[in-house]
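When a ligand or atom number is given, it counts from 1 through the structure's own listing order. Here the structure is a predicted model, which means the values were calculated and not measured.
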Amino acid sequence: MKYLKIMTLALGALAFSPNTYTYGINIVPKPVSITIEKGTFSISGKTPIIYNFKEKGIENITAPLLNHLKNFYGIEALPVKYSARSEKHSVYISLNPASGIKKEGYRLDVTREGITLEASTPNGLFYGIQTLIQMMPASKATLKKASVPLAHIEDYPRFKWRGLHLDVCRHFMPKEFVLKYIDYMAMHKFNIFHFHLTEDQGWRIEIKKYPLLTKIGSVRKETIVGSNKLSKEFDGTPHGGFYTQDDIREIVEYAAKRYVTVVPEIEMPGHALAALASYPHLGCTGGPYEVCTRWGVWKDVMCAGRESTFAFLQDVLDEVLTLFPSEYIHIGGDECPKDSWKQCPVCQQRIVDEGLKDEHELQSYFIQRIEKYINSKGRKIIGWDEILEGGLAPNAAVMSWRGEDGGIAAAKQHHFVVMSPGTHCYLDHYQADPKTQPFAIGGFTPLEKIYSYEPVPSALTLEESAYIMGAQGNVWTEYMATEKHVEYMVYPRAAALAEVVWSPKESRNYTDFMLRMKEQTKRYDIYRINYCKAAFE
Ligand code: ACM
Ligand code: ZN
């Protein structure tokens, strides 16, 4: 009996002890400025949550807060209410376009009298809520209250393109996982989800006009086992999957509620064997073609000579544009060997008819035609840095992946750029000694290396630097067959990248980041994110 009482006391002390979590502020990505005071404000089930605006979307902002209060501390919040004025001891959410707060930024004040969150745009409020959540204890407890340290925070992002990519073609990822992926992105203040939907190894988006793209193109008959370079073994098991247009709408809407824009990628003219297998007339030889069962770069690509290729792509893009409201549409453009164009009389005739110098200019012609079409629909294209070869389409943005040279060249030509060099931003690379890690495609990008990345190359002038929209982490899934494996490769490295694209350059400090990550990884544990622990050991 006595023993039991001591146990209860000890447990009680543990639950309320300040040692169970840090009262300091451990926000990732690090805010622009923080002033901390002594003391806390406590949120309970009696704390009014008030907002001051009539625009739709308040649920997008309050939902993460209400869910967090309930799931972490057992707090059933009062119904959120509208009021033009704050109340004592409330959480007051104020949208104020005249506040002078930068786009996507926010100001958060935690005082003994209550919490005030202010922003000039709704996404600023959303990010302020993400910060507020990270100021609460990173532990689950049914205390029915959550302490928030007294502080004044001013914050806004450094870059407007804060991207994470996901290849769902090499290995299909279920819709539910994609939604989770977007949730974790939002938690780290990422705002662009680059959804890589078409490939040699699988076409993953339903296109109503071309049903064979998913009937044939979404399934490969088997998959290479182990290293693509060394292995001769296949698993003998079909691999497939695709998103219906309803799935896509759900994903886009889910992301929008978290202020994440989904940028779809429809690959052309290379990396398109799944499309060619479905509709062989798209290739130079007419096939037959097969959905690829191993990884790499393949010589069979879309024919750049036939009009029917462009008619097909315009039809596909018509449906894509209806589904995705994003400003940018990614058209791929990378790794397109010119072998089949060199052999194809129709492609060669196109070169003559258009007065092109060579096959590189033919690729440029291809991309420019697609750009013209997408521009005519009020959108813009972005492509991998190969689209520079043979001349950049007039309004195209460039995603620099083969190092930074493509991005530098594009910015010097006054084209917008997203930096995503393989050296620092490829999350399919090893993050620790390969001997200790699951098999990966190669490379070596430990947490500290991605944290050290600077997206604005010193080769650019101040004026040219303005063309760097931001940076992005890429997640190619050749060697990631499961959701857990994707999480393992992405986290914690995406947290480091989040800080690269959000926080001021001057404030970056790896030691400080690692201290804050101690708290962040407690949240990962609660969410059951399967993050890699190598950097913490
Ligand atoms: C790429 O990694 N092929 C863009
Ligand atoms: Zn051809």
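A salt bridge does not link R508 to E448: none of the charged side-chain nitrogens sits closer than 4.0 Å to a carboxylate oxygen. Using a cutoff of 4.0 Å between basic side-chain nitrogens and carboxylate oxygens, E290 and K221 are scored as salt-bridged. Of the charged side-chain nitrogens involved, none lies within less than 4.0 Å of a carboxylate oxygen, so that D339 and K342 do not count as a salt-bridged pair. Taking the charged nitrogens against the carboxylate oxygens, E499 and R516 do have a contact shorter than 4.0 Å, which makes a salt bridge.
Residue H194 forms a ring-ring contact (aromatic ring centres under 6.0 Å, His included) with just one option from W161, W476, W384, and that option is W384.
For ligand 1, none of its N or O atoms has an N or O atom of W384 under 3.5 Å away. Considering backbone and side-chain atoms together, H271 places no N or O closer than 3.5 Å to any N or O of ligand 1. Between W401 and ligand 1, a contact under 3.5 Å exists for no N or O pair.
With values rounded to the nearest 0.5 angstrom, F242 atom CZ is found 13.0 Å from W203 atom CH2.
Residue W476 approaches ligand 1 through these ligand atoms, each under 4.0 Å from one of its heavy atoms: 1 (C), 2 (O), 4 (C). Those atoms of ligand 1 that come under 4.0 Å of a heavy atom in E335, given as number and element, are 3 (N).
Annotation: angle subtended at the Zn ion (ligand 2) by C284 SG and C303 SG is 110°, to 10°. An angle of 110° is found at the Zn ion (ligand 2) between C347 atom SG and C344 atom SG, rounded to 10°.
Counting protein heavy atoms only, atom 3 (N) of ligand 1 is closest to D334 OD2, 2.7 Å. In this structure, atom 2 (O) of ligand 1 lies nearest to the protein heavy atom Y426 OH, 2.6 Å.
Distance alone, capped at 3.5 Å, places no donor-acceptor pair between the D334 side chain and the E386 backbone.
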